[in-house]
Amino acid sequence: MMRLKVIFVLFLLILPLALANLRVGFYRRSCPNAESIVRAAVRRRLSRDKSITAALLRMHFHDCFVRGCDASILIDSNSKSSSEKDAGPNLTVRGFELIDEAKKALEATCPSKVSCADIITLATRDAVFLSGGPFYFVPTGRRDGLVSDPDEVNLPGPTLTVSEAFQAFRAKNMSMDDMVTLLGAHTVGVAHCSFFLDRITRPDPTMDRGLAAKLRSICGEATGTNPDPTAFLDQATPFAVDNQFFKQIGLKRGVMKIDQELANDSLSRRIVSGFAANATLFRTRFAQAMVKMGNIQVLVGNAGEIRKNCRVFNPRRRI
């Protein structure tokens with residue numbers, strides 16, 4: 001009963017945001033089993049790969065922060081043109097085959113009804129929930145975009161300051177609170193050594209010495225087949241969506257520069273402290289921020305298309 005109450009409260013909190021362009025239950029008539037089909041695909045993948053939650057969160061973010069949440073990140077490059085997948089920040093984005101699996105099942109049940117953009121959003125929500133995070137109602141009705149240009153990919157990087165990173169979020173009408181909350185997704189993420197090597201090759205007073213030694217050991221295991229090893233961004237519960245990330249950076253255990261600066265910068269440290277002290281607050285705000293991000297520059301109505309294959313645009317009809 002308590003879980004149902006929490007879900008209902010989250011619904012009331014996010015509903016005003018959802019009504020802007022999308023609506024909860026958009027596929028209720030056109031494809032009643034749409035959400036359960038996506039959830040089943042996520043559950044199967046998660047049973048053998050716990051890291052898929054971090055992959056989907058990253059894919060969702062990288063999609064929404066370029067042209068809006070339009071699944072442009074899913075398009076494959078071809079001999080005639082490159083796509084967003086070719087852009088540097090997206091070369092390590094993964095999880096595309098999970099989206100393909102869900103899309104194939106949806107096309108078999110409800111042809112040309114469910115957009116790839118909505119599949120990303122739903123799959124990310126389900127992975128978060130199945131990894132211990134909050135369940136939140138996802139407004140749907142997005143359409144898939146018709147452009148995927150690698151030159152448009154300009155995402156905030158891990159070496160930015162808090163104020164520099166916030167410029168990218170503010171451009172998408174996201175608040176500082178939204179930014180700190182969404183970076184809390186690093187509770188299930190990893191980072192390649194190349195992204196934080198400068199913090200462990202020389203003394204860094206903002207990093208715990210024990211963590212620095214551990215990271216040097218990890219990065220020192222680089223090989224020809226694995227030249228750039230990875231480390232968990234949350235040293236406590238790396239596969240659970242919880243508030244441990246914020247507790248860790250409060251103890252100088254942030255791996256990437258931007259993560260640690262969240263706890264140190266006057267613009268963000270109050271928010272970090274609040275999340276570290278209150279797990280329920282983080283869960284509530286994370287749900288709200290994910291819904292808000294999922295509403296960035298969405299295509300609705302007759303805009304865009306509903307792709308048959310998430311990796312390619314539909315063939316253009318000749319007039």
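Hydrophobic cluster membership differs between L160 and V180, with clusters built from Ile, Leu, Val, Met, Phe, Trp and Tyr side chains linked at under 4.5 angstrom. No single ILVMFWY cluster, assembled from side-chain heavy atoms under 4.5 Å apart, contains both V114 and I75. In the hydrophobic cluster analysis, where Ile, Leu, Val, Met, Phe, Trp and Tyr join through side-chain heavy atoms closer than 4.5 angstrom, I306 is grouped apart from V138. Hydrophobic clustering places M256 together with L197 (ILVMFWY residues linked when any side-chain heavy atoms are closer than 4.5 Å, directly or through intermediates). Side-chain heavy atoms closer than 4.5 Å link hydrophobic residues (I, L, V, M, F, W, Y) into clusters, and following such links, even through other members, never connects L262 to V190.
Rounded to the nearest 0.5 Å, atoms CG (L215) and CZ (F196) are 5.0 Å apart. The structure places CZ of F65 at 13.0 Å from CD1 of I73, a figure rounded to the nearest 0.5 Å. Taking CG from D204 and NZ from K257, the interatomic distance works out to 9.5 Å, rounded to the nearest 0.5 Å. Taking CG of N314 as the reference point, atom CG of N309 lies at 9.0 Å (rounded to 0.5 Å). The line from OG of S72 to CZ of F313 is 7.5 Å long, rounded to the nearest 0.5 Å. Expressed to the nearest 0.5 Å, how far CG of L233 lies from CZ of F195 amounts to 10.5 Å.
Side-chain atoms of D228 come within 3.5 Å of backbone atoms of C193 as a donor-acceptor pair (strictly under, hydrogens ignored). Checked by atom type and distance alone, the side chain of D126 never pairs as donor or acceptor with a backbone atom of V42 at under 3.5 Å. Remark: the backbone N or O of R307 is paired with a side-chain donor or acceptor of K103 at under 3.5 angstrom. Under the 3.5 Å distance criterion, the side-chain polar atoms of N33 are left unmatched by any main-chain donor or acceptor of S36. For the pair E164 (side chain) and T161 (backbone), a donor-acceptor distance under 3.5 Å is present. Between the side chain of R269 and the backbone N or O of N264 there is at least one donor-acceptor pair closer than 3.5 Å. For N78 (side chain) and S81 (main-chain N/O), a donor-acceptor pair under 3.5 Å exists by modelled atom type.
Of all heavy-atom pairs between A276 and N243, the closest is O-ND2, 3.3 Å. Closest approach of A105 and I37 over heavy atoms only: CB-CG2, 3.6 Å. Across every non-hydrogen atom of M290 and L57, the tightest pair is CE-CD2, 3.6 Å. For the residue pair D144 and S115, the shortest heavy atom distance occurs at OD1-CB, 3.5 Å. Of all heavy-atom pairs spanning S131 and T53, the tightest one is OG-OG1, 2.7 Å. Nearest heavy atoms, E35 versus L122: CD-CD2, 3.6 Å.
Side-chain contact, S82 with S77: no donor N or O sits under 3.5 Å from an acceptor N or O. Looking at D242 and T187, their side chains do bring a donor and an acceptor atom within 3.5 Å of each other. Inspection of the Y27 and D118 side chains reveals an N or O donor paired with an N or O acceptor under 3.5 Å.
Each of R94, R44, R43 was checked for a salt bridge (Lys or Arg N to Asp or Glu O under 4.0 Å) with D49, and the lone residue meeting it is R94.
In summary, D178 and R285 engage in a salt bridge, as defined by a charged side-chain N under 4.0 Å from a carboxylate O. Between K104 and E97 there is no salt bridge, since no side-chain N of the basic residue sits under 4.0 Å from a carboxylate O of the acidic one. Contact check on R143 versus D70 returns no salt bridge, with no Lys/Arg side-chain nitrogen under 4.0 Å from an Asp/Glu carboxylate oxygen.
A cation-pi contact, defined as under 6.0 Å to the ring centre and within 45° of the axis, links K85 to F96.
The closest side-chain heavy-atom distance from C69 to Q297 is not below 4.5 Å. In this structure, F26 and C31 have side chains that are not in contact, with every pair of non-hydrogen atoms separated by 4.5 Å or more. At least one side-chain heavy atom of R316 sits less than 4.5 Å from a side-chain heavy atom of E305.
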Item to complete: Any chance you could lay out the side chain to side chain contact (heavy atoms under 4.5 Å, CB included) test for L74 and R311, step after step, and finish with the verdict?
Response: CA-CA 5 Å; L74 301 181; R311 293 175 179 263; 5.6 Å; no
Worksheet item: Given the rule in the salt bridge (charged side-chain N to carboxylate O under 4.0 Å, His left out) test, do K252 and D208 qualify, once you have shown the distances and angles that lead to the verdict?
Response: CA-CA 5 Å; K252 295 185 177 182; D208 173 75; over 6 Å; no
Worksheet entry | R67 vs S148, side-chain hydrogen bond (donor to acceptor under 3.5 Å, both in side chains): CA-CA, chis, key distance, verdict | CA-CA 8 Å; R67 297 187 61 85; S148 184; over 6 Å; no
Item to complete: Mind running side chain to side chain contact (heavy atoms under 4.5 Å, CB included) on R199 and M207 for me, showing each step along the way?
Response: CA-CA 8 Å; R199 299 193 67 217; M207 180 180 282; 3.2 Å; yes
Fill in: side chain to side chain contact (heavy atoms under 4.5 Å, CB included) evaluation trace for K113 with L106
CA-CA 8 Å; K113 295 297 182 183; L106 287 164; over 6 Å; no
Worksheet entry | Y136/R125 under side chain to side chain contact (heavy atoms under 4.5 Å, CB included): CA gap, chis, key distance, verdict | CA-CA 7 Å; Y136 49 96; R125 184 274 307 273; 3.5 Å; yes
Discussion item. For F275 and F245: C-alpha separation, side-chain torsions, deciding distance, then whether ring pair (Phe, Tyr, Trp, His ring centres under 6.0 Å) applies.
Written reply: CA-CA 9 Å; F275 288 154; F245 168 78; over 10 Å; no
Practice prompt. Decide side-chain hydrogen bond (donor to acceptor under 3.5 Å, both in side chains) for R216 and T201; before the verdict, give the C-alpha distance in whole Å, the side-chain angles of both, and the deciding distance to 0.1 Å.
Written response: CA-CA 8 Å; R216 281 194 293 271; T201 53; over 6 Å; no
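Under the 30°/60° scheme for interplanar angles, the aromatic rings of F282 and F286 are found to be tilted.
More than 12 heavy atoms of other residues, nucleotides or ligands lie within 6.0 Å of NZ in K172, so this atom counts as buried by the packing criterion. Within a 6.0 Å sphere centred on CG of N302, other residues, nucleotides and ligands contribute 12 heavy atoms or fewer.
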